[in-house]
Number of protein chains: 2
Amino acid sequence: MEKAISQKDVAKIIGVSTATVSNAFNRPDQLSTELRQRVLSECAKLGYSGPHFAARSLRSGRSDVVCVMLSDTLSYSFSDPMANLLLEGISDVLAENQKQMLLMSSTISSDAQIRAETLPDGFIFYGTPRGSSFDRILSLGKPCVTVDFTYKNLPSLNVDNYGACCELAKAAIRDKNDLVAVIGMRFLTASIVKRLSKQDMSLPSKEITWSRLLGFKAGASDKGVDIVSDNIIHLHRNKPKEAEIAARLLLMQEQRPNLILCMSDVIALAVCRVAQQLNLRIPEDLRVTGFDDIEEARHAKEGLTTVFQNGIEKGREAATMLLEGVTEHRKVPVELRLRGTH
Amino acid sequence: MEKAISQKDVAKIIGVSTATVSNAFNRPDQLSTELRQRVLSECAKLGYSGPHFAARSLRSGRSDVVCVMLSDTLSYSFSDPMANLLLEGISDVLAENQKQMLLMSSTISSDAQIRAETLPDGFIFYGTPRGSSFDRILSLGKPCVTVDFTYKNLPSLNVDNYGACCELAKAAIRDKNDLVAVIGMRFLTASIVKRLSKQDMSLPSKEITWSRLLGFKAGASDKGVDIVSDNIIHLHRNKPKEAEIAARLLLMQEQRPNLILCMSDVIALAVCRVAQQLNLRIPEDLRVTGFDDIEEARHAKEGLTTVFQNGIEKGREAATMLLEGVTEHRKVPVELRLRGTH
DNA sequence: CTGAAAGCGCTTACAG
DNA sequence: CTGAAAGCGCTTACAG
């Protein structure tokens, strides 16, 4: 395959300057419609499909590429229902605005990725970033929007995790005799399933799961119930397999909880499956709540009690904020969905 | 925010040539370890995080970006379980090989996307492409791999859809008195749910669902059963909502089928839900089979009878083929999973 | 092992 | 409305 034809080549063949070819593609107002049409159709004939991406980007300083920086590996994110909904919303708005989507993970800082960080015109950070990319990208001074976390006065999009979880706990807890447990992810950086220690409780991170936990505790406290650290299970990731392990841990212990507040529907549904295997009836023997209200939660026979957040709308909003240059902190509404499992 | 520091700037400050700075980042063998370390640490101090992406790409002719060209919108693809698994596998291998992932949809041909098509070093096409991007990209002469379709001698990765479906039909059909229906997507280009006409049957496209249908018909024929076009429902997309409409269509007709062969687990699970709403017992009143063996299929109480394909492995294989420059046609193994719904 | 210099393909002010 | 020319930031053969 020989080298592709360039703007200079087609300009010479058509008999105009390169500026005219460039303008035909980029600035229609700079030349007559007739000339523009002629140039464009000649280009098509010659197999020139428009300015070379890297050259244009170098010269103009723009790429029309938006980076979505995920706080976990891409691979994991594709398996997470809420991440998929968010990406759905983002990709819609980007497509509507002729932007390309580059997916990166802040868990990676290879040379190649560091280099690629200079490509996008803007960034959407989804979830608290892990590695060094966040600082590097901030120093680039390009537009950024943060989702599910806040950083100084960067525009951000969040959910009222604390409030929603407080309300949910109040709705799900009957009286002070309830034994309440919690399963959530990312309380710690540990990559194993484990109970929290008393000490862990004094070191909350910026992860949203801590806001949720504090919400649960506040709601529980309102009902006269204390959620002890021993009954709070940390998962590395929002994965069914991990959640099943956590559920077994809780449901086979001497003092079996009769209510498990889960930080996601994925976890809650896994708990329901384990309960079924152990012949525990829901909600008679065990009550379970989720978070997110993913589609599968609505398919469950009992109907999962959970908190709805609109992932697609959240993605759309985040992308819109970036493209419109919004500079404020915004909230996405959430809604309690009280169904059969509590 | 002032302009970012360039290679030229740091070279002057450190007191070496730009070539040395470039080599420190790109070709470690071209200078002594000591000098390289000094250059790198000075760069870090100065806030120079490496060569500018577009400039490097323009000069070197490489971008280290791989494009995954989806046959549907990004938005839809993020909602499809198999697409997500494929992306999971691809993203793993790309990360391992320091490649960035750019997601595009062949349904789009905006100027911005056409321009961006010149950026990647290689392409993975997932599913039969829709618009004009395929031809344009082929003319670029860059490495391509096709997944779930074949084009001339481009390297491809496929599944034996025909064989698997033939076997599945043989396993699921009991005798020639069975009334068999099929629900699948993309038989036609119509964006509505509809029964196929006799005429439609004579115009198979290159979509994999046609191979599957022909496999079903062959297996059925082996059992003395004919699947009539009226009992074959076309869905626009592999979506639960559409599948539920199709299921209602079939289950409420006068001659109710007692076996529905579905082209995906998403469809099959939707059929099971509708059957339950209609108080039909599975498998006594209705048998159902799927395709893919997604995680949810294993969660279903009855255990869905389906065909397993390893989406993550498929993605890994496709990415590996692209990066290693494989030029052959390859197959991913599939496996019948006979469980409770047939 | 290091440096001076050409040029990748384009966009954009500027002169006409 | 059009064209000549500078230069975006880098990589790479080449000379030393």
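Below, chain A is the first sequence line, B the second, and so on; all start at residue 1. The analysis underlying the following values was restricted to heavy atoms, covering all of them including side chains, and did not include hydrogens, waters or symmetry mates.
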What is the distance, rounded to the nearest whole Å, between atom NZ of B:Lys8 and atom P of D:dG9? 9 Å
How many Å lie between CD on B:Gln7 and P on D:dT12, as a whole number? 11 Å
The salt bridge (charged side-chain N to carboxylate O under 4.0 Å, His left out) partners of B:Glu88 (sequence neighbours excluded) come to none
Salt bridge (charged side-chain N to carboxylate O under 4.0 Å, His left out) between B:Asp72 and B:Arg237, intermediate numbers included: CA-CA 9 Å; B:Asp72 217 312; B:Arg237 283 171 170 169; 2.6 Å; yes
What residues, two or more places apart in sequence or in another chain, satisfy salt bridge (charged side-chain N to carboxylate O under 4.0 Å, His left out) together with B:Asp92? B:Arg316
Could you tell me whether B:Lys99 and B:Asp121 make a salt bridge, using a distance below 4.0 angstrom between a side-chain N and a carboxylate O? no
Residues in salt bridge (charged side-chain N to carboxylate O under 4.0 Å, His left out) contact with A:Arg59, at least two apart in sequence or another chain: none
Could you name each residue pair satisfying salt bridge (charged side-chain N to carboxylate O under 4.0 Å, His left out) that touches residues 103-115 of chain B, not counting sequence neighbours? A:Asp64-B:Arg115
A:Ser60: which residues meet the side-chain hydrogen bond (donor to acceptor under 3.5 Å, both in side chains) condition with it, sequence neighbours left out? none
Output the rounded distance in Å from CZ (B:Phe25) to C1' (D:dC10). 12 Å
First of A:Ser22 and B:Thr18 reached from the 5' end of DNA chain C, by closest nucleotide: B:Thr18
Output every pair passing side-chain hydrogen bond (donor to acceptor under 3.5 Å, both in side chains) with a member in residues 30-44 of chain B, not counting sequence neighbours, ordered by first then second residue. none
For A:Arg62 and D:dG9, what is the distance between atoms CZ and C1' respectively, to the nearest whole Å? 19 Å
What is the separation between atom CG on B:Asn26 and atom P on D:dA13, rounded to the nearest whole Å? 13 Å
What does the 5'-to-3' dot-bracket notation of DNA chain D look like when only Watson-Crick and G-U wobble pairs under 3.5 Å count, and pairs to other strands show as |? |||.||||||||.|||
Strand-adjacent residues in residues 47-60 of chain A, judged by heavy atoms under 4.0 Å from DNA chain D: A:Leu58, A:Arg59
Excluding sequence neighbours, so at least two apart, what forms side-chain hydrogen bond (donor to acceptor under 3.5 Å, both in side chains) with A:Thr146? none
Not counting sequence neighbours, list each pair that qualifies as a side-chain hydrogen bond (donor to acceptor under 3.5 Å, both in side chains) and has a residue in residues 46-56 of chain A. A:Asn26-A:Arg56
How close or far is atom C1' of C:dG9 from atom NZ of A:Lys12, stated in whole angstroms? 14 Å
What pairs with B:Arg27 under salt bridge (charged side-chain N to carboxylate O under 4.0 Å, His left out), at least two apart in sequence or on another chain? none
What nitrogen or oxygen pairs link the protein and nucleotides 1-3 of chain D at under 3.5 Å?
{"from": "D:dG3", "atom 1": "OP2", "to": "A:Ser17", "atom 2": "N", "distance (Å)": "3.2"}
{"from": "D:dG3", "atom 1": "OP2", "to": "A:Thr20", "atom 2": "OG1", "distance (Å)": "3.2"}

Nearest whole Å is fine: how far is C:dC10 P from A:Ile5 CD1? 10 Å
